[in-house]
There are 2 protein chains.
Amino acid sequence: MSVTIKDVALEAGVSTATVSRVLSGKDTVSMRMRDRVLSSVEGLGYRPNALARSLREETSKTLGLVVSNVMNPFFTAVARAVEDAASEKGYSVILCNADESPDKEASYLDVLFQKRVDGLIISPARTSSPQLQSFVSSGVPVVFVDRTIEDLGIPTVRVDGRKAIEELVEHLLKLGHERLAVISGPPETVPGGDRLKAFLACAAERGAEIPEEYVRFGDFRRESGRQAMRELLRLRCPPTAVFAANNLMCLGALQAVKETDVRVPEDVSIASFDDIVWFELTQPPVTAIAQPVRELGNATAEMLLGMIEKAREPESLIIEAELIVRDSCGPPPASQ
Amino acid sequence: MSVTIKDVALEAGVSTATVSRVLSGKDTVSMRMRDRVLSSVEGLGYRPNALARSLREETSKTLGLVVSNVMNPFFTAVARAVEDAASEKGYSVILCNADESPDKEASYLDVLFQKRVDGLIISPARTSSPQLQSFVSSGVPVVFVDRTIEDLGIPTVRVDGRKAIEELVEHLLKLGHERLAVISGPPETVPGGDRLKAFLACAAERGAEIPEEYVRFGDFRRESGRQAMRELLRLRCPPTAVFAANNLMCLGALQAVKETDVRVPEDVSIASFDDIVWFELTQPPVTAIAQPVRELGNATAEMLLGMIEKAREPESLIIEAELIVRDSCGPPPASQ
DNA sequence: AAGCTTTACGTAAAGCTTTACAAAAGAGGT
DNA sequence: ACCTCTTTTGTAAAGCTTTACGTAAAGCTT
């Protein structure tokens with residue numbers, strides 16, 4: 001049905017080899033042939049069949065990207081950056097949403113493997129799988145983004161928040177705060193545990209040990225942040241600064257504050273992990289720790305492409321998160 | 001390098017045809033052979049090469065999705081819905097960000113065509129292109145989403161806001177408002193023009209003609225909304241209700257209000273087009289017109305898949321936007 | 001047991017490219 | 001004119017599947 005290289009060859013009165021050579025430019029062809037071929041290609045509207053080409057060349061010029069959910073702004077940005085870098089180098093990307101389901105993930109990996117992607121970027125669920133092993137053992141380059149699985153020898157690109165959290169703690173202490181609280185995510189998740197540990201450790205190192213009643217746990221969703229903040233405000237001796245471990249819980253916290261006549265930052269300072277546009281737009285704008293997602297996505301894609309083209313050794317990369325100071329943190333209330 | 005169907009056939013002592021038959025299940029094979037083949041497949045870890053299969057079967061089980069930018073929440077949701085529906089039916093999707101550039105769009109379309117995608121979903125830039133024509137003339141199903149190009153006979157799935165805008169106008173009039181204003185997007189863009197026209201027409205039909213000074217133009221970005229709102233508030237006789245034509249401009253408007261001691265909704269009511277999660281979370285929560293994006297994306301994918309499987313005639317589909325009433329609209333101030 | 005139908009399997013072609021190798025043509029030298 | 005070397009072009013294989021067609025075996029009928 002579709003026009004093939006044979007049709008072009010026939011119409012131009014040459015062999016398919018010549019057509020291929022003209023089109024790939026990899027070999028020398030006489031001017032006369034070249035013109036004849038080109039005009040036939042034009043005339044017939046010939047577009048090479050990438051499936052056949054890939055089959056023959058053993059490279060599909062396609063990458064797989066497996067994330068839990070593109071609707072998570074973090075992964076949206078990663079997807080965008082990956083796609084940019086990939087298309088820049090002539091690769092397409094197949095997008096997969098695994099939804100935290102190991103089964104879904106495995107089945108996507110299977111498909112991607114069968115489609116012979118030249119490389120894979122994945123934010124893996126907890127454990128490895130035979131499907132993931134397939135990639136590794138057939139030498140298809142893989143890089144982890146954001147999350148990781150140990151001992152597979154697969155490079156990981158991720159954001160480290162420790163330093164930024166340190167900065168935040170110092171920022172708060174410098175403002176004069178002595179009673180810091182944290183609304184943590186589930187401590188069994190990687191980001192949940194890491195952020196909590198980092199915050200507690202930094203505070204302790206600087207002599208601002210955080211008492212147990214100032215550590216609240218949420219589930220990274222808004223309502224849990226609201227609830228936690230309510231509890232904190234109700235304490236006999238409430239904290240003067242609160243760090244929410246992600247954006248949604250921070251919003252919940254802000255709502256809890258609004259329900260009372262407590263003001264931000266005059267009465268209580270608030271800061272968040274994971275910056276988003278909307279934090280610029282709230283009243284007051286929220287001090288937050290930004291994950292440089294574009295950079296992250298970009299670095300991930302560059303790493304993978306480098307590995308594919310053998311230009312680069314796989315090597316994990318950690319990007320520092322960045323503290324963005326806005327107006328939601330101020331000096332603690334003067335009254336003691 | 002990779003293990004092929006030949007290897008399996010060899011190890012199981014059968015022909016490749018038999019292996020293929022076992023795996024496809026399309027033809028009858030004896031139990032004994034079946035087991036032998038299956039255990040060889042298992043043992044060797046054979047995964048069929050989808051490129052070869054696609055080449056032979058003339059179907060790649062892959063769709064192309066071309067949007068301007070996945071980072072636009074609207075398209076993020078579309079992408080997610082499309083991917084869901086596609087994977088449900090065994091299709092993968094290649095994601096492309098055309099960035100409003102006709103050149104980029106054309107080049108993506110070229111690649112997708114060469115990769116022989118079985119179908120294409122695209123939110124097209126203004127005009128058609130030879131690349132788009134390629135799809136049409138080779139009979140590859142295409143559906144437009146959100147935007148459209150006339151006269152190509154390609155079905156479009158999009159959201160129509162007219163009815164919801166009508167509801168909004170009625171809602172405002174019922175609350176007692178007589179002075180309605182609008183912060184419009186650029187009238188030369190499709191959404192900009194449509195929303196403005198709809199709002200003006202609905203108001204006029206109901207006897208609430210909107211004077212010129214109550215019509216302001218922004219660029220769909222925050223700052224322009226802020227500016228427009230400032231101007232509206234400074235009028236000798238300011239409007240009692242303002243409709244912002246998208247979410248960012250609405251946020252700007254809210255900021256402009258916060259700069260003054262005007263209260264929402266007591267002194268002025270505000271509503272927005274294009275709902276987002278954050279509107280639930282602002283103070284007050286914003287009445288907005290929601291585009292049912294999931295539904296839209298889903299319908300688009302279903303339509304395309306239906307066309308691919310010849311189960312459905314291409315037919316445009318228009319989904320109604322929906323008014324979500326929250327607290328940012330109330331009765332106008334009693335004082336006249 | 002012959003003849004027929006059905007079932008089970010193998011052979012080989014086809015799907016479209018790219019490319020190793022061979023062959024032909026051209027150029028240059030004597 | 002002949003030889004050698006280089007350049008240009010063609011032939012055919014290979015990349016991996018699926019499947020039309022054909023054959024052999026097995027089952028059934030009479």
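These numbers were taken from a predicted model, which means no experiment stands behind them. FYI, side chains are in, hydrogens and waters are out, and symmetry mates aren't considered; it's all heavy atoms of this structure. In what follows, chains are A, B, ... by sequence order, proteins preceding strands, each numbered from 1.
- No more than 12 heavy atoms of other residues, nucleotides or ligands shown are found within 6.0 angstrom of CD on A:Glu88.
- For B:Ala125, the side chain to side chain contact (heavy atoms under 4.5 Å, CB included) partners at least two apart in sequence or on another chain are B:Glu105.
- Legend: residues meeting side chain to side chain contact (heavy atoms under 4.5 Å, CB included) with B:Ser24, ordered by chain and number and at least two apart, are B:Lys26.
- Each of B:Val29, B:Thr4, B:Val37 was checked for a side chain to side chain contact (heavy atoms under 4.5 Å, CB included) with B:Val19, and the lone residue meeting it is B:Val37.
- By the side chain to side chain contact (heavy atoms under 4.5 Å, CB included) test, A:Ser123 is found to be paired with A:Phe75, A:Val145, A:Asp146, A:Arg147, residues two or more places apart in sequence or in another chain being considered.
- Nucleotide C:dA8 holds its P atom 12 Å from the CZ atom of B:Arg34, rounded to whole Å.
- Atom CE of A:Met31 and atom C1' of D:dT7 are 15 Å apart (whole Å).
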Footprint string (nucleotides 17-25 of chain C, 5' to 3'): B base within contact, S backbone only, - free, heavy atoms under 4.0 Å
BBB------
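- Toward the 5' end of DNA chain C, the nearer of the two residues B:Leu51 and B:Met33, judged by each one's closest nucleotide, is B:Met33.
- An end-to-end axis angle of 50° holds for the helix from C:dA1-D:dT30 to C:dT30-D:dA1, taken from five base pairs per end and rounded to 10°.
- Closest non-hydrogen pair, B:Leu305 versus B:Ala85, comes out as CD1-O, 3.7 Å.
- Inter-residue side-chain proximity for B:Pro155 and B:Met303 is flagged as met; some heavy-atom pair is nearer than 4.5 Å.
- Pairs engaging residues 35-53 of chain A under the side chain to side chain donor-acceptor pair (under 3.5 Å) rule: A:Arg47-B:Asp110 [sequence neighbours left out].
- One atom, CG of B:Leu55, and another, C1' of D:dG15, lie 10 Å apart when rounded to the nearest Å.
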